[in-house]
Protein chains: 2
Amino acid sequence: MKRLKDIAQELGVSVATVSYVYNNKWKEKRINEKLVQKIKKKIKESNYKPNPLGLQLKTGKTQTIGIILGDLTRSFNLNILSGIEKKLAENNYFALISSSNLGEKEIQHIETFLERKIEGLIISPQKSENYEKLVKIFEKSKIPVVFVDNYLSDKNIDFVVSDNKWGSFKATEYLIKKGKRKIAYIGSEKNLSALNERFDGYCECLKKYGFKIDERLIYKKIEKQEDMYEGLEDIFKKVKPDAIFVESLLYFKYGFKFFYENGIKIPDDIFLTGFDPVDLNLSEIAEVHFNLVVKGLIPFIEQRGEDIGKKAAEIILKKIKNKNKKIWKVFIKPELKNFK
Amino acid sequence: MKRLKDIAQELGVSVATVSYVYNNKWKEKRINEKLVQKIKKKIKESNYKPNPLGLQLKTGKTQTIGIILGDLTRSFNLNILSGIEKKLAENNYFALISSSNLGEKEIQHIETFLERKIEGLIISPQKSENYEKLVKIFEKSKIPVVFVDNYLSDKNIDFVVSDNKWGSFKATEYLIKKGKRKIAYIGSEKNLSALNERFDGYCECLKKYGFKIDERLIYKKIEKQEDMYEGLEDIFKKVKPDAIFVESLLYFKYGFKFFYENGIKIPDDIFLTGFDPVDLNLSEIAEVHFNLVVKGLIPFIEQRGEDIGKKAAEIILKKIKNKNKKIWKVFIKPELKNFK
DNA sequence: TTTATTTGCTCAATCGTTTAAATAAATTAT
DNA sequence: ATAATTTATTTAAACGATTGAGCAAATAAA
């Protein structure tokens with residue numbers, strides 16, 4: 001690879017001159033137009049690209065953005081990543097990626113990132129317990145940070161998230177319009193904005209249509225996939241719902257087990273909907289010796305991961321370049337799939 | 001962040017001295033033991049970490065490995081990535097990741113990687129058409145390269161792959177021992193080592209048990225998921241198999257559609273097995289208006305992605321450090337799941 | 001003609017490290 | 001007492017870029 005120095009030598013000029021030409025600063029530096037052309041030609045011929053290391057050391061800019069997302073086997077996260085990458089690549093930026101599967105190593109990852117001089121950070125926080133610490137680190141580091149998927153309502157930090165409230169409102173409304181009257185809600189207790197707002201949307205919709213919220217239909221104690229079974233058991237023991245809204249259908253596996261064992265058919269006996277596409281690993285569900293009967297489509301709310309990622313990257317790049325103080329709060333409407 | 005210079009100033013010594021101490025070279029440099037202790041203490045106190053940019057520029061080492069894998073929504077690839085990351089992190093190395101979804105941008109990605117001064121490359125080639133070009137680039141770049149998933153038998157390039165032949169031999173043997181006599185093979189035509197060796201394993205096993213290979217039972221023209229339907233149709237038209245070995249069950253979706261529409265039950269009417277876990281997106285399969293009946297477990301061959309990734313990272317690191325010329329050719333036996 | 005200004009380019013410091021070579025002081029050998 | 005050696009540390013160049021300041025030479029103004 002040729003260095004600035006090599007090109008300068010070949011043309012018998014100084015390194016500085018070549019640098020000015022390469023960086024389009026020859027006008028203010030009043031380099032002779034003819035020389036400029038000569039240098040430009042040589043630069044092109046030798047396919048010169050500045051050594052990023054020299055450049056980085058000098059400017060302190062690494063053209064690198066740190067990315068910390070949750071479980072990448074979840075396609076939503078992967079889509080976010082893909083969106084981020086595309087946008088960054090367009091702008092000659094790079095992604096340094098760490099998946100903080102359980103939010104446990106978030107802090108540690110960030111510190112390594114900072115050592116590596118990332119210019120910005122896109123993070124999807126997975127554990128609300130870490131929030132305080134995270135925010136402190138961000139404030140100290142002074143690099144732009146954009147949250148995705150979840151955000152902190154009481155802090156002035158940019159974010160790009162799904163319009164979760166809108167999505168669950170719409171889904172609930174859909175169920176109501178289908179004539180459903182006993183709509184159960186199953187979710188977790190994690191204190192994450194995305195999940196809280198899904199519940200809010202459900203409640204608001206019920207209220208709007210004049211239904212009151214029935215505590216017997218609500219189960220918000222899901223911690224691991226297996227709990228889905230218990231959750232349904234718990235609700236059905238108290239009152240038989242005619243529809244179920246699930247915080248995330250992604251891991252509904254054990255819900256189907258419950259349906260199967262109790263002879264509950266979709267959609268004849270119950271309407272099922274929720275966020276995220278159902279994802280069944282057949283080799284796994286087969287473990288429960290399964291007869292799965294599904295007729296027709298399961299409606300679900302699909303989040304636009306790629307758009308979220310793109311937008312987040314766009315914001316980070318803007319903040320790096322302009323250093324303006326505007327705080328972006330972006331909600332991206334998810335898609336309603338199979339709602340008919 | 002403190003620099004070497006700061007520490008040196010605070011102690012009234014030169015930068016070099018501190019550097020020698022930090023890098024454990026004070027013995028050969030005969031730095032006074034007491035001073036060494038003082039400096040070490042200060043280093044610890046101020047939590048000094050060398051600025052990677054300065055270090056990188058000086059040494060030319062970026063502590064970064066380029067990773068190019070195929071479709072990351074495929075959990076196998078994700079597992080490889082996860083394995084690589086773990087190993088690299090243990091050794092203070094970083095991963096620069098690019099997923100070359102269709103192998104189209106492989107070349108371009110590699111060139112950007114090289115500009116960024118990666119010290120090594122782990123790649124899972126997705127298109128045999130690119131092989132020649134790839135190999136040329138590698139030879140020119142002189143950085144260590146390790147292939148995963150697929151390899152080039154005629155080149156001397158390290159690789160870590162599943163023992164695909166062993167896996168399909170075992171699976172075929174399993175079917176034979178279950179009394180199956182008409183075992184179909186469904187696969188693609190891509191010229192990739194992993195896929196070729198799966199077919200080899202199938203053939204070898206049949207031969208070993210004294211069966212001859214029946215062309216009517218073999219369909220190797222799968223290009224996209226939908227082709228699975230046609231493939232089965234094609235085979236069943238000629239001769240009704242009692243078992244099917246599928247190159248990868250991951251996208252068997254349309255196979256189930258065929259079974260459903262023709263009233264074929266697993267495992268009563270047919271035995272199904274192959275590489276990779278079946279992955280059904282229920283929201284998608286519902287599109288074909290599905291009644292899926294699965295009784296019991298579907299046996300499948302699960303590749304040890306994480307182990308492959310770890311091993312590949314290990315090899316890369318070794319090659320970077322030792323510069324030895326040994327070529328590693330590692331086959332990792334996959335796991336036989338639900339074979340009973 | 002002298003002075004001021006513009007033009008056109010080079011010098012040299014800088015970023016944070018590493019490391020060969022130089023140097024000074026202390027010790028040992030002659 | 002002088003020279004040679006060992007010990008302990010510093011100096012300075014280098015990696016590859018950027019960039020403010022500096023310096024001639026050419027041109028314009030006085």
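Each chain gets a letter, A, B and so on, in the order the sequences are listed, and its residues count up from 1. Excluded from the calculations below are hydrogen atoms, water molecules and symmetry mates; all remaining heavy atoms, backbone and side chain alike, are included. All of these numbers come straight from a predicted model, not from anything done at the bench.
- Rounded to an integer number of Å, the gap from CD of B:E28 to C1' of D:dT6 is 17 Å.
- A:T62 and A:Q56 are not linked by any side-chain donor-acceptor pair at a separation below 3.5 angstrom, with hydrogens and angles left out of the test.
- Close to C:dT18, at under 4.0 Å from its OP1 or OP2, lies a side-chain N or O of B:S19.
- When the side-chain nitrogen and oxygen atoms of A:N32 are compared with OP1 and OP2 of C:dG8, one or more of them lie within a distance under 4.0 Å.
- The distance from atom OH of B:Y20 to atom P of C:dT17 is 15 Å, rounded to the nearest whole Å.
- Backbone-only engagement by B:Y48 is indicated by non-hydrogen atom pairs under 4.0 Å involving sugar-phosphate atoms exclusively.
- Between the P atom of D:dG22 and the CZ atom of A:R30 lies a distance of 15 Å, rounded to the nearest Å.
- Residue-level contact check: A:K29 touches the bases, meaning some heavy atom is under 4.0 Å from a base atom.
- Using a 4.0 Å heavy-atom criterion, one finds that A:L57 contacts the bases of the nucleic acid, with or without backbone contacts as well.
- Put simply, B:T17 has a side-chain N or O that comes within less than 4.0 Å of OP1 or OP2 on D:dT10.
- As a whole-Å value, the separation of B:L11 CG from D:dT10 P is 11 Å.
- Ring geometry, B:F113 versus A:F94: the interplanar angle falls from 30° to 60°, so the pair is classed tilted.
- Going from atom CG of B:L4 over to atom C1' of C:dT18 covers 9 Å, rounded to whole Å.
- Atoms CG (A:N23) and P (D:dT19) sit 7 Å apart, rounded to a whole Å.
- Of the candidates C:dC9, D:dT11, C:dT17, the closest approach to any side-chain atom of B:V15 belongs to C:dT17.
- Side chain of A:D158 to main chain of A:V146: no donor-acceptor pair is present (N/O by atom type, distance under 3.5 Å, no hydrogens or angles).
- Computed from coordinates, the A:E33 CD to C:dC9 P distance equals 11 Å when rounded to whole Å.
- In this structure, D:dA30 forms a base pair with C:dT1, meeting either the Watson-Crick or the G-U wobble geometry with both donor-acceptor distances under 3.5 Å.
- With rounding to whole Å, B:I7 atom CD1 is found 9 Å from C:dT17 atom P.
- Closest to the side chain of A:K58, out of D:dT19, C:dT17, D:dT18, is D:dT18.
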